[in-house]
Structure formats: C-alpha cells, structure tokens
Amino acid sequence: MPEVLIFTYLWVKKTSNVWIVDEMNVSELTVVDWKSFRREVCVNMIIRGSKKLGGVGHVVEIDESKFGKRKYHKGKRVEGKWVFGGIERGSKEGFFCVVEDRTAETLIEITKKYVAPGTTVLSDCWKFYRPLSEEGYVHYTVNHSVNFKDPITGAHTNGIEGTWSAIKAQFRSQGTKKVKDKFDSYLGEYMWRRLYGEATFKGLFRCFLHEITILYKPQTRDLPK
C-alpha cells in the first residue's frame, strides 16, 4: 500500500518512468502497468462526472482534429485517429471523442449528447455542421481559408484549436507508440488534468484517491473472534 500511494503521488507529479524505476526499485513493466491503471481511473472519472456543456448564453467551440500522420508505403495508406471535441468558453469543461467517421449524423449526435440546447456553437465551415441550427443551437461559423475570425459575427475557434495543439504536444512527450496503443486512456488523462489542473497538488492527489475508492470499493472481511 505505501508503494501504491507513493507511485500515485509521483504519477500526479508527472514523474518520469526512469526516475520511478531507479528510486522505487521496480521494473519498467510495473511502472507502465501502474500508469495504465491510473489512466483508466481518469477515463472513469470523466465518464462518471460528465454533464452537458453550455446552455442559453454560453458559448461552445467544436472542431475535429487528426492524430497521427498519413504515410504512403507501397501503395498502402496508414491513417491515424480522428477526434471530435468541444470546449466551453470561460471554463475547463469539454468533451473529446474518437470517431470512426465525420458524417453529419455522427457529429450532430455527439454534439447533442454533450452540448445543451440553446448553446451558441462555433465551428468552421465543414458542411456536416450545417444541421446544428436545426437542432436548437445558435450556430456561427468561421471560414478558416479566409479568416481566423469572422469579420461580421466575430466567431472564431481559437480555443479548441489551441487545445488540439496542447493535447498533441503532451502526447508527443509521452511517446508516439505508447499513445497509439492506448489512445483513449491517454485522452482521458489529458481531460482529467485539464479539468482539475488548477487544484492544489494536495487536492489533486486526494481527488484521485477518492475516485479509486469509488471505483474499487475496499473489500472487508469478518475478523476471527
């Protein structure tokens, strides 16, 4: 138990695998497994605590981004993953989903799941966003081939675009292959750190331990009389 608590402390502090292996005298495989478990806890926290963004008078920026590079080798095309996401202005709240396609049906349904009706939704001019205005949203677009900010409405998606850059930078620091193999869990960790990142370290540590007790309730047994 002391080792688990110490490791959780080090993980929250973003301590490197090499340092943990040396200082705690554990194997690299053990560190990888422990970190994987903690990312799974992050995913569960995000799912359990998820709520709809926005509402009347609130603004949510949405966008999609490609993770991974397209490579052509002997006629074969290898693709990465498309992620559709949104952030609410003025808060740390957001949603990010790996999607198999970027059709209107997929993007609109995800938006309806995570964004409350009446929200002002900002996006680029991707054609499959057009039905949003028919789904109870106030929808504005910006044509990125012409402007970063629409000169008439003032609409822009700088917030979500900056978020993509931050996520990709973090993933590169983790190692491309590791992230590719467990993409969803790394995305869950990013979302958790984004949501709770401004808490004190002590608060962050307690928050994570509390979530573990919710997901994995301690087993009790009757002691011999």
Side-chain angles (χ1 to χ4, degrees), residues 43-44 46-72 76-171 179-180 182-192 194-195:
V43 171
N44 280 283
I46 296 299
I47 293 174
R48 193 173 63 83
S50 64
K51 60 181 180 181
K52 286 195 174 184
L53 307 179
V56 177
H58 293 261
V59 177
V60 171
E61 300 177 21
I62 61 172
D63 192 27
E64 340 88 58
S65 186
K66 180 70 172 293
F67 284 72
K69 297 180 179 179
R70 263 181 207 187
K71 299 180 180 179
Y72 294 86
K76 184 178 180 180
R77 186 174 68 179
V78 179
E79 303 238 4
K81 295 178 180 288
W82 278 102
V83 179
F84 175 52
I87 61 169
E88 181 175 345
R89 287 186 181 174
S91 80
K92 293 291 184 180
E93 300 285 348
F95 72 89
F96 301 95
C97 304
V98 178
V99 293
E100 296 298 325
D101 60 69
R102 295 185 296 150
T103 61
E105 180 180 4
T106 296
L107 301 183
I108 298 302
E109 285 304 310
I110 293 175
T111 302
K112 289 166 64 177
K113 179 179 179 180
Y114 290 104
V115 183
T119 304
T120 297
V121 177
L122 310 181
S123 73
D124 59 24
C125 290
W126 181 241
K127 62 183 179 180
F128 292 136
Y129 289 138
R130 292 173 187 168
L132 281 171
S133 58
E134 302 171 6
E135 298 291 342
Y137 300 104
V138 180
H139 183 214
Y140 294 108
T141 63
V142 55
N143 188 344
H144 285 149
S145 63
V146 179
N147 299 295
F148 288 107
K149 182 177 183 179
D150 188 277
I152 298 176
T153 64
H156 67 81
T157 55
N158 296 344
I160 185 65
E161 289 166 19
T163 300
W164 294 134
S165 297
I167 296 175
K168 291 177 180 180
Q170 178 174 308
F171 282 9
V179 174
K180 181 180 178 182
K182 295 188 176 182
F183 186 87
D184 290 4
S185 69
Y186 278 94
L187 193 57
E189 179 183 351
Y190 172 84
M191 293 171 66
W192 180 75
R194 170 189 169 87
L195 191 58

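For clarity, every value in this text was computed on a predicted model and none was experimentally measured. Positions are given from 1 along the sequence.
For the residue pair D63/T157, the side-chain donor-acceptor check at 3.5 Å is not satisfied. Residues H139 and S123 bring a donor and an acceptor atom of their side chains to less than 3.5 Å of each other.
Contact check for V98 versus F84: no side-chain heavy atoms found under the 4.5 Å cut-off. Side-chain contact between V59 and T119 is absent, with no heavy-atom pair separated by less than 4.5 Å. Counting heavy atoms from C-beta on, the side chains of V83 and L187 come closer than 4.5 Å. In this structure, the side chains of Y129 and I62 come closer than 4.5 Å at one or more pairs of heavy atoms.
Aromatic pair F171/F183: centroids less than 6.0 angstrom apart.
Remark: E61 CD to E88 CD distance equals 11.0 Å, nearest 0.5 Å. Put simply, CG on D184 and CD on E189 are 13.5 Å apart, with the number rounded to the nearest 0.5 Å.
Within a 6.0 Å sphere centred on CZ of F96, other residues, nucleotides and ligands contribute more than 12 heavy atoms.
Under the salt bridge (charged side-chain N to carboxylate O under 4.0 Å, His left out) criterion, E64 pairs with R102, not counting sequence neighbours.
The aromatic rings of F95 and Y114 sit parallel, their planes meeting at an angle under 30°, below the 60° perpendicular limit.
The nearest pair of heavy atoms linking G118 to V138 is O-CG2, 4.4 Å. Residues A166 and Y190 share a closest heavy-atom pair of CB-OH, 3.9 Å.
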